[in-house]
Amino acid sequence: MPRKKLRHAFFERPAIDLARDLLGTILVRRVRGKEYRARIVETEAYVGAHDLACHASKGRTARTEVMFGPAGRAYVYLIYGMYDMLNIVASHREDPQAVLIRGAEPLDRWQADLTGPGKLTRALRITRAQNGLDLTGDRLFLLADSAYRPQLVETRRIGIDYAKEWKDALLRFVDANSGLFPQPRGVKTHPSRNAL
DNA sequence: GCGTCGATGGCA
DNA sequence: GCCATCGACGCG
């Protein structure tokens with residue numbers, strides 16, 4: 001059975017491991033009577049309260065509360081006043097780690113641009129209304145695909161230059177088998193984002 | 001192809 | 001005031 005639903009135990013690991021292993025898995029979104037599937041091709045790990053790029057490094061607040069809860073739930077927050085970011089809570093209670101889902105590729109002949117965390121949530125209609133949602137449910141969940149082998153590339157995380165000694169940590173993971181990254185020079189890629 | 005900038009709102 | 005972003009615009 002190449003495609004089994006990911007259960008809670010899958011998410012109960014350090015974010016760095018979870019972020020790697022989420023590459024190649026299939027994100028399933030059921031909304032408005034339809035089901036959309038997309039292969040995850042880009043993730044970032046936010047590894048705990050000591051990670052200055054992790055929201056939880058500023059303390060336990062109403063916004064970050066979900067990250068302090070059990071693994072396998074959605075942490076969705078608003079950034080720049082207009083984009084919702086989808087994260088998956090990792091590790092265990094009281095250890096605020098999460099994986100940001102940054103990019104995916106549509107499956108099953110469905111067309112959409114999911115190359116960026118803001119574009120992905122917009123296309124899949126994921127908002128803060130899904131904050132705290134259990135990702136082993138039936139509206140938003142993940143499937144393993146044991147037949148698929150991503151080619152792992154590690155880079156620095158995007159947009160966290162304020163994070164001092166954490167800004168250069170290799171905690172972004174990209175599937176180089178996806179058409180997304182890396183690309184031959186001059187071909188469509190993430191704008192200003194392929195700094196290894 | 002690449003740098004710069006404005007939009008937009010919640011949060012500390 | 002600052003953002004785990006995006007897309008439009010201008011350059012030459």
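Just so it is clear: chains get the letters A, B, ... in the order the sequence lines come, proteins before strands, and each one is counted from 1.
Regarding contacts with the backbone of B:dC11, every side-chain N or O of A:Thr61 stays at 4.0 angstrom or more from both OP1 and OP2.
Nucleic acid contact class of A:Leu100 (heavy atoms, under 4.0 Å, all strands): base.
In this structure, CG of A:Asp161 is placed 10 Å from P of C:dT5, rounded to the nearest angstrom. To the nearest angstrom, C1' of C:dC6 lies 11 Å from CZ of A:Arg102. Rounded to an integer number of Å, the gap from CH2 of A:Trp166 to C1' of C:dA4 is 15 Å. Atom CD of A:Glu42 and atom P of C:dA4 are 15 Å apart (whole Å). Look at CG on A:Leu120: it is 9 Å from P on C:dC6, rounded to the nearest Å. Atom P of nucleotide C:dA4 and atom NZ of A:Lys164 are separated by 15 Å, given to the nearest angstrom. Taking atom CD1 of A:Ile160 as the reference point, atom C1' of C:dC2 lies 15 Å away to the nearest angstrom.
For the residue pair A:Arg39 and A:Asp145, the shortest heavy atom distance occurs at NH1-OD2, 3.0 Å. Across A:Ser178 and A:Glu105, no two heavy atoms sit closer than the pair CB-OE2, 3.4 Å. A:Arg149 approaches A:Asn177 most closely through the heavy-atom pair O-ND2, 2.8 Å. Between A:Leu124 and A:Arg29, the shortest heavy-atom contact is O-NE, 3.0 Å. Closest non-hydrogen pair, A:Arg73 versus A:Asp134, comes out as CG-CA, 4.2 Å.
Stem analysis of DNA chain C (at least three stacked-register Watson-Crick or G-U pairs, each with both distances under 3.5 Å) gives B:1-7 with C:5-11, B:9-11 with C:1-3.
A:Glu65 is linked by a salt bridge (charged side-chain N to carboxylate O under 4.0 Å, His left out) to A:Arg60, counting only residues two or more places apart in sequence or in another chain. Partners of A:Thr64 under the side chain to side chain donor-acceptor pair (under 3.5 Å) rule, at least two apart in sequence or in another chain, are A:Thr61.
Among B:dC11, B:dG9, C:dA4, the nucleotide with an atom closest to any side-chain atom of A:Arg63 is B:dC11. The nucleotide whose nearest atom lies closest to any side-chain atom of A:Arg122 is, among C:dA4, B:dG10, C:dG7, C:dG7.
Applying a 4.0 Å cut-off to non-hydrogen atoms, the residues of residues 48-60 of chain A that approach DNA chain C are A:Ala53, A:His55, listed by residue number. Taking a 4.0 Å limit (strictly below) on heavy-atom distances, residues 79-99 of chain A reaches DNA chain C at A:Ile79, A:Tyr80, A:Tyr83, A:Met85, A:Asn87.
Checked by atom type and distance alone, the side chain of A:Glu12 never pairs as donor or acceptor with a backbone atom of A:Ala71 at under 3.5 Å. Remark: side-chain polar atoms of A:Asp84 are not paired, donor with acceptor, to backbone N or O of A:Thr121 under 3.5 angstrom. Judged purely by atom type and a 3.5 angstrom limit, A:Arg157 uses its side chain to pair as donor or acceptor with the backbone of A:Trp166. One N or O on the side chain of A:Lys5 and one on the backbone of A:Gly137 form a donor-acceptor pair closer than 3.5 Å.
Residues in residues 11-40 of chain A take part in these ring pair (Phe, Tyr, Trp, His ring centres under 6.0 Å) pairs, two or more places apart or across chains: A:Tyr36-A:Trp110.
Here the separation of C:dG12 from B:dC5, taken at their P atoms, is 15 Å to the nearest Å.
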